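Below is one structure, written out as structure tokens, with a few remarks after it.
Given the structure is predicted, the values throughout are model-derived calculations rather than measurements. In what follows, every chain begins at residue 1, and chains take the letters A, B, ... in the order their sequences are listed. Only heavy atoms go into these numbers, but all of them, side chains included; no hydrogens, no water, no symmetry mates.
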Amino acid sequence: MTGHSSHIMETPSQTAGPYVQIGCTPSRVGLAGINPGKDLGASLVSRKTMGRRISITGQIFDGTGKAVRDGLVEIWQADHNGLFNTPLETRGKPDPHFTGWGRQGTDLKTGLYRFETIVPGRVSWHDGRMQAPHVTFWIAGRGINLGLCTRMYFPDHQEDNAADPVLTGLEHPTRIPTLIAAPDGDDAYRFDIVLRGRNETVFFEH
Amino acid sequence: MPEHPKRIGGLFPRNRDRHPPPFTPGYRSSVVRAPQFSLVSIGASLSELTGPVFGHDSIGTDDNDLTRNHAAKDGSPIGERMIVYGRIRDETGRGIPSTLVEIWQANAGGRYHHPGETYHAPLDPNFGGCGRTLTDDEGWYEFRTIKPGPYPWPNGVNDWRPAHIHFSLFGQSFAQRLITQMYFEGDPLIRHCPIVNTIADQATIDDLVARLDLRASLPMDLLAYRFDLTLRGRRQTYFENTR
Ligand SMILES: [Fe+3]
């Protein structure tokens, strides 16, 4: 056997299917009794969280323009100082009142998702350059064979965005607008994700 | 401004041949939901190398026992009682401790507890079909549940899902995030399933098949199935020093 084939390899993905919300956001589908209180990831912030409070809402559209109503959306982001709430964080002490992780099902009727969070601080890139403030998105659901990863950037951070290593490194700069949220009122942003076709969102691999 | 830490190692690149491609016409739902562009490769930055951490305070004591977590006081779900257990490790073979494992499944008749469910098999009032747990210090997890039934689904004219349990896993990095499905050894429906067959290679499919484990079963009570899972590995790091 070669060295390569003797490695343990990653378990293959399978679609999350139409009932992913049973497992991940059970109280949304009438199973609140299983985890009294709240679904994991239902809330990122508390009254003590530092930083500018915002909401992010949006929908996920399929290739025919129809909103996905059986999907799952997760976000992961830095706190207002650019630090992550994990023991792996070695650069400083993250805000203990900010989890950094949120999870919502898309609404069974409208397909809308919504997060209450804060604007993240800036985080450095591999080479030390600073990234623009961004929120990492991960989506799963029926018809998605392997969870999809993308990023949301802020429309009011134009200078940061213009120097961001990920945005400036894109082979097709015309696709950058798919990664930038739209202002949606005071302290509110709208971020729609297009799975396929015209204005298809940029999805990343790491 | 915080400096970039040198201590978190990068992840092994994902071997995409093991995963289903996005566009798999045999599985109809993928046709309108599969991106047409290739994924844009960016090395994992801190934003993807880090990930959420869950404490034991977020998990209830019955959360990993699906035979009890939705049952009436004297009730119990109908079906073949079983233990599903195994180890979560990364591609270097190291167990992944304290990571969140969530499962969801149909009841013994093949019906989900969900407002969008259309199959006419009966609901089981004592079965919700979801559970969660954290792995122990060496990456082991265990659930108690009942064996889910196969069910028909609108895809081809006569497509049936083999009995399966959906698994959602985290690891330590957000880029390790994985959702997959577990099947049962010997199920004749596996080879006919369009979702299973989104994976090209038979040996890779076998990694999703749990094995009957009589030694781990409890006599006169529960059969056991073992299902190990592997998340993406990390280059040699100072990981241990940072915990
Ligand atoms: Fe299923």
Go through the side-chain N and O atoms of [X] and [Y] and say whether any donor and acceptor fall under 3.5 Å apart.
X       : Y       : result
S27(A)  : D39(A)  : yes
S47(B)  : H134(A) : yes
S173(B) : R232(B) : no
R144(B) : T67(B)  : no
T50(B)  : T86(A)  : no
Y183(B) : Q14(A)  : yes
T145(B) : Q105(B) : yes

Pick one of side chain, backbone, both or neither for [X], based on which atoms fall under 4.5 Å of a heavy atom in chain A.
X       : result
P20(B)  : both
S168(B) : side chain
L100(B) : side chain
H113(B) : both
I42(B)  : both
A175(B) : side chain
E48(B)  : side chain
Y27(B)  : side chain
R28(B)  : neither
Q181(B) : both
V31(B)  : backbone

Gap between atom [atom2] of [Y] and atom [atom1] of [X] - 0.5 Å precision:
X       : Y       : atom1 : atom2 : answer
N15(B)  : D17(B)  : CG    : CG    : 5.0 Å
L178(B) : L231(B) : CG    : CG    : 6.0 Å
H166(B) : C130(B) : NE2   : SG    : 12.5 Å

In terms of heavy-atom pairs under 4.5 Å with chain A, which of [options] leads?
options                           : value
S41(B), P22(B), G116(B)           : S41(B)
L11(B), D207(B), I103(B), V196(B) : V196(B)
A34(B), G131(B), P13(B), A106(B)  : A34(B)
E102(B), Q176(B), R33(B)          : R33(B)
G43(B), G93(B), G51(B), G128(B)   : G51(B)

For [Y], does its backbone N or O pair with a side-chain atom of [X] as donor and acceptor, under 3.5 Å?
X       : Y       : value
T15(A)  : G141(A) : yes
R161(B) : C193(B) : no
D79(A)  : P94(A)  : no
D62(B)  : D65(B)  : no

Can you name the residues of [range] that have some heavy atom under 4.5 Å away from a heavy atom in chain B?
range                       : result
residues 49-61 of chain A   : none
residues 162-173 of chain A : V166(A), L170(A)
residues 145-157 of chain A : N145(A), L146(A), L148(A), R151(A)

Return all side-chain donor-acceptor pairs below 3.5 angstrom for residues 52-60 of chain B, not counting sequence neighbours, or 'none' if the list is empty.
unit_1: S58(B); atom_1: OG; unit_2: G55(B); atom_2: O; d: 2.6

Basic-acidic side-chain contact under 4.0 Å: [X], [Y]:
X       : Y       : result
D107(A) : R114(A) : no
R234(B) : E91(B)  : no
D160(A) : R122(A) : yes
R142(A) : D70(A)  : yes

For atom [atom1] of [X], decide whether the heavy atoms of other residues, nucleotides or ligands shown that lie under 6.0 angstrom number more than 12.
X       : atom1 : value
R69(A)  : CZ    : no
R68(B)  : CZ    : no
Q158(A) : CD    : no

Counting only non-hydrogen atoms closer than 4.5 Å, does [X] touch chain B with its backbone (N, CA, C, O), its side chain (CB onward), both, or neither?
X       : value
V68(A)  : both
F203(A) : both
V194(A) : neither
R28(A)  : neither
A16(A)  : both
R129(A) : neither
S13(A)  : both

Among [options], residue most engaged with chain B (heavy-atom pairs, under 4.5 Å):
options                         : value
Q131(A), Q21(A), Q77(A), E74(A) : E74(A)
G63(A), P12(A), G23(A)          : P12(A)
Y19(A), F84(A), F204(A)         : Y19(A)

[X] vs [Y] aromatic rings, parallel, tilted or perpendicular, using cut-offs 30° and 60°?
X       : Y       : answer
F170(B) : W101(A) : perpendicular
Y113(A) : F137(A) : perpendicular
Y112(B) : H164(B) : tilted

Kindly confirm or rule out a cation-pi arrangement of R235(B) over F12(B), judged by NZ or CZ under 6.0 Å from the six-membered ring centre and within 45° of its axis?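 No cation-pi geometry.
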